[in-house]
Amino acid sequence: LHLSIRRQRQMCIRDRVCIVKKTKKIAAAVLAMTMAAGLAVTGCSGKGGSTDTDPAAAEQSKETAGSAGESKDDAAKADDGALHLTFYYPVNVGGSAAQLIEKICADFNAENPDIFVEPVYTGNYDDTVTKIQTAMQGGTPPDVFVSLATQRFTMASTGMAMPLDELIEADGDEGKAYIDDFLPGFMEDSYVDGKIYSIPFQRSTMVLYYNKDAFKEVGLDPEAPPTTWEELAEYGQKLTNDGRYGVGIALNSGSAQWAFTGFCLQNSTDGQNLMSEDGKSVYFNTPENVEALQFWLDLQNEYKCMAEGIVQWTDLPTQFLAGEVAMIYHTTGNMANIHDNADFDFGTAFLPAHKRVGAPTGGGNFYISSNISEDRVQAAWKFIKFATSTDRAAQWSLDTGYVATRQSCFDTDLIKDYYAEVPQASVAYEQLPYAKPELTTYNAAEIWRVLNDNIQAAVVGDMSAQEALDAAQEQAEEVLSEYQ
């Protein structure tokens with residue numbers, strides 16, 4: 001029966017890969033045709049365009065949408081003469097990031113009365129990609145949007161986003177200085193085939209949050225968090241009791257691949273990531289990566305210091321704040337949430353190392369939609385530069401916990417004072433030299449599903465670590481075969 005269930009799971013995943021491959025080219029052609037048709041009619045991007053289930057975003061769309069027979073420009077300029085831009089943005093962390101984004105837009109609008117940027121909250125990152133695709137298929141793409149940096153190959157290959165090099169070059173020395181100021185660890189995953197497709201915005205890396213009070217309770221030094229996998233397991237066991245697990249790592253789809261990237265980097269003999277730099281190959285089933293997955297399984301099954309089964313990303317901060325788990329692997333983007341709500345002393349640390357120190361970067365970048373009019377492109381570019389200016393990037397880091405994306409931010413009094421007041425926040429910046437992009441490929445969403453499905457099969461006991469990553473490698477190679 002166990003073998004039968006396993007074969008059924010493998011066949012299900014393999015069948016889906018085949019279906020995706022057969023339909024991908026058709027879907028891309030339909031997308032291109034609908035975009036062309038929609039843009040030919042309107043001459044520019046439209047308001048709304050997607051079904052937004054968030055009440056505030058839906059109300060915003062209702063208030064700003066033009067009448068059915070009007071073009072976007074006609075509807076936008078009819079009321080106040082300003083050029084209205086639609087800006088899609090996701091929120092994937094706790095806290096008040098949505099309100100902060102709306103303030104950035106309000107500040108920009110106040111300084112630029114000839115442009116009006118309408119922020120449209122689009123859910124989490126997965127929701128946002130779906131809504132962008134829906135809007136583009138309807139011929140009404142957002143002018144500017146935030147999406148995962150890992151989506152850059154897909155954004156480029158499908159024509160959803162435009163390269164930004166000409167805009168940067170047109171700014172001359174100022175444009176070069178602007179790009180050169182972004183931290184290399186974040187700018188690294190803005191490129192596709194040597195061209196810049198996105199600008200770092202809400203960027204993060206994963207750090208270890210730990211409960212210092214719990215450390216004291218079990219006789220551990222609260223100023224000495226685990227620095228190796230061996231110490232993580234040892235400390236995790238000491239911290240585990242009837243009401244608390246020692247270690248928390250999110251294993252749900254959309255999150256497992258981020259943490260797994262970090263563990264694979266930590267166990268790599270030469271710093272090799274899970275994928276090639278061109279996004280066309282993956283290296284899932286190397287002996288080192290199989291060992292990394294086995295360590296996850298051991299934390300649950302052998303050391304029994306991590307909850308069994310699939311732990312959800314969104315549950316971890318709540319469990320940490322409730323004292324139900326003593327150490328969690330999570331984004332720096334939750335720093336403000338944890339700092340403001342923890343009723344215990346907490347610390348942050350580099351992710352525990354094995355063969356080397358390593359961590360995954362993640363988070364969202366700014367993109368500009370392809371095939372919008374030149375005045376919209378220029379307005380969108382102006383907004384991106386405004387939102388990522390040194391002072392605003394520094395303030396965004398303070399308000400959210402995301403890492404400031406520009407080197408000049410760290411020379412500001414804002415960041416210096418913030419790190420003095422919240423020293424836990426500085427760990428992410430200090431860890432960045434050891435960080436590399438999370439799993440990033442062409443057709444990234446499907447590759448993520450392939451890896452996550454097979455990791456979960458191992459976590460629930462349907463496969464061994466070796467079997468799971470062998471299956472993931474085979475299925476991923478089939479998905480990526482058309483890009484070779």
Side-chain angles (χ1 to χ4, degrees), residues 2 5-6 9 206-222 224-253 255-264 266-267 287-330 338 342 344 346-355 358 451-469:
H2 179 72
I5 293 173
R6 181 184 301 170
R9 179 185 289 271
M206 189 175 283
V207 297
L208 184 75
Y209 292 86
Y210 68 100
N211 184 329
K212 290 187 176 184
D213 290 355
F215 269 52
K216 293 177 186 176
E217 174 192 315
V218 299
L220 292 170
D221 184 349
T227 59
T228 66
W229 287 6
E230 291 78 11
E231 288 181 349
L232 180 71
E234 177 189 347
Y235 294 10
Q237 287 177 297
K238 289 183 178 179
L239 289 159
T240 298
N241 57 36
D242 290 342
R244 181 180 66 211
Y245 282 103
V247 181
I249 302 171
L251 303 178
N252 59 290
S253 291
S255 299
Q257 85 291 328
W258 196 33
F260 192 61
T261 298
F263 278 80
C264 293
Q266 293 152 18
N267 204 38
E288 294 80 12
N289 293 344
V290 172
E291 183 183 6
L293 180 54
Q294 185 60 51
F295 180 63
W296 277 13
L297 304 182
D298 290 345
L299 288 173
Q300 291 182 318
N301 303 320
E302 179 180 343
Y303 304 119
K304 298 189 182 301
C305 60
M306 189 165 81
E308 293 183 358
I310 308 303
V311 181
Q312 296 295 316
W313 172 262
T314 51
D315 291 342
L316 277 180
T318 302
Q319 293 171 356
F320 181 69
L321 291 171
E324 296 170 1
V325 60
M327 299 183 287
I328 63 170
Y329 283 64
H330 222 271
I338 289 175
F344 52 83
F346 79 96
T348 57
F350 281 24
L351 299 184
H354 197 48
K355 293 183 174 71
L451 179 61
N452 288 332
D453 282 357
N454 283 288
I455 284 177
Q456 290 179 358
V459 169
V460 301
D462 286 350
M463 292 182 179
S464 68
Q466 184 72 62
E467 291 170 335
L469 294 182

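A349 and P225 get closest at one heavy-atom pair: CB-CG, 3.5 Å. Of all heavy-atom pairs between L293 and A468, the closest is CD2-CB, 4.3 Å. The shortest non-hydrogen separation linking W313 to S255 is CB-OG, 3.1 Å. Closest of all the heavy-atom pairs between L297 and A458 is CD2-O, 3.7 Å.
Only one option out of D453, I455, N454 pairs with L451 in a side-chain contact (heavy atoms from CB on, under 4.5 Å); it is I455.
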Which is it for W229 and D298 under the side chain to side chain contact (heavy atoms under 4.5 Å, CB included) test, yes or no, and what are the steps along the way? CA-CA 11 Å; W229 287 6; D298 290 345; over 6 Å; no

Apply the test side chain to side chain contact (heavy atoms under 4.5 Å, CB included) to residues L239 and F215: give CA-CA distance (whole Å), side-chain angles for both, the deciding distance (0.1 Å), then the verdict. CA-CA 7 Å; L239 289 159; F215 269 52; 3.6 Å; yes

Please determine whether side chain to side chain contact (heavy atoms under 4.5 Å, CB included) holds for the pair L299 and I249, giving the CA-CA distance in whole Å, both sets of side-chain angles, and the decisive distance to 0.1 Å. CA-CA 10 Å; L299 288 173; I249 302 171; 4.1 Å; yes

Stepwise side chain to side chain contact (heavy atoms under 4.5 Å, CB included) test for R244 and V218: CA-CA 12 Å; R244 181 180 66 211; V218 299; 3.8 Å; yes

Side chain to side chain donor-acceptor pair (under 3.5 Å) between Q456 and N452, worked out: CA-CA 6 Å; Q456 290 179 358; N452 288 332; over 6 Å; no

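To the nearest 0.5 Å, the span separating CG on L232 from CG on L351 amounts to 9.5 Å. With values rounded to the nearest 0.5 angstrom, M327 atom CE is found 9.0 Å from Y235 atom OH. Atoms CG and CD, from N289 and Q294 in turn, are 13.0 Å apart once rounded to the nearest 0.5 Å. Interatomic distance, CG of D315 versus CD1 of I328, reported as 11.0 Å (0.5 Å rounding). The CG atom of N301 sits 8.5 Å away from atom CE of M306, with the distance rounded to the nearest 0.5 Å. Interatomic distance, T318 OG1 to Q312 CD, rounded to the nearest 0.5 Å: 12.0 Å.
Aromatic rings from W258 and Y329 are positioned such that their centres are separated by 6.0 Å or more.
Using a distance-only test at 3.5 Å, with no hydrogens or angles considered, no donor-acceptor pair links the side chain of H354 to the main chain of C264. A side-chain donor-acceptor contact under 3.5 Å links E231 to the backbone of T227. Of the possible donor and acceptor atoms, none in the side chain of Q266 sits under 3.5 Å from a partner among the backbone N and O of A353.
Within the 4.5 Å cutoff, no side-chain heavy atoms of T348 are placed close to those of L208. Using a 4.5 Å heavy-atom cutoff, the side chains of Y303 and V247 are not in contact. Considering only heavy atoms from C-beta on, V311 stays 4.5 Å or farther from Y245 through its side chain. Looking at heavy atoms from C-beta onward, W296 lies in side-chain contact with L251 at the 4.5 angstrom threshold.
In this structure, F295 and F263 have tilted ring planes: the angle between them lies in the 30° to 60° band.
Summarising the local packing, CD of E308 is surrounded by 12 or fewer heavy atoms from other residues, nucleotides or ligands at distances under 6.0 Å.
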Distance-only donor-acceptor hits, side chain of residues 319-326, under 3.5 Å, sequence neighbours excluded:
none

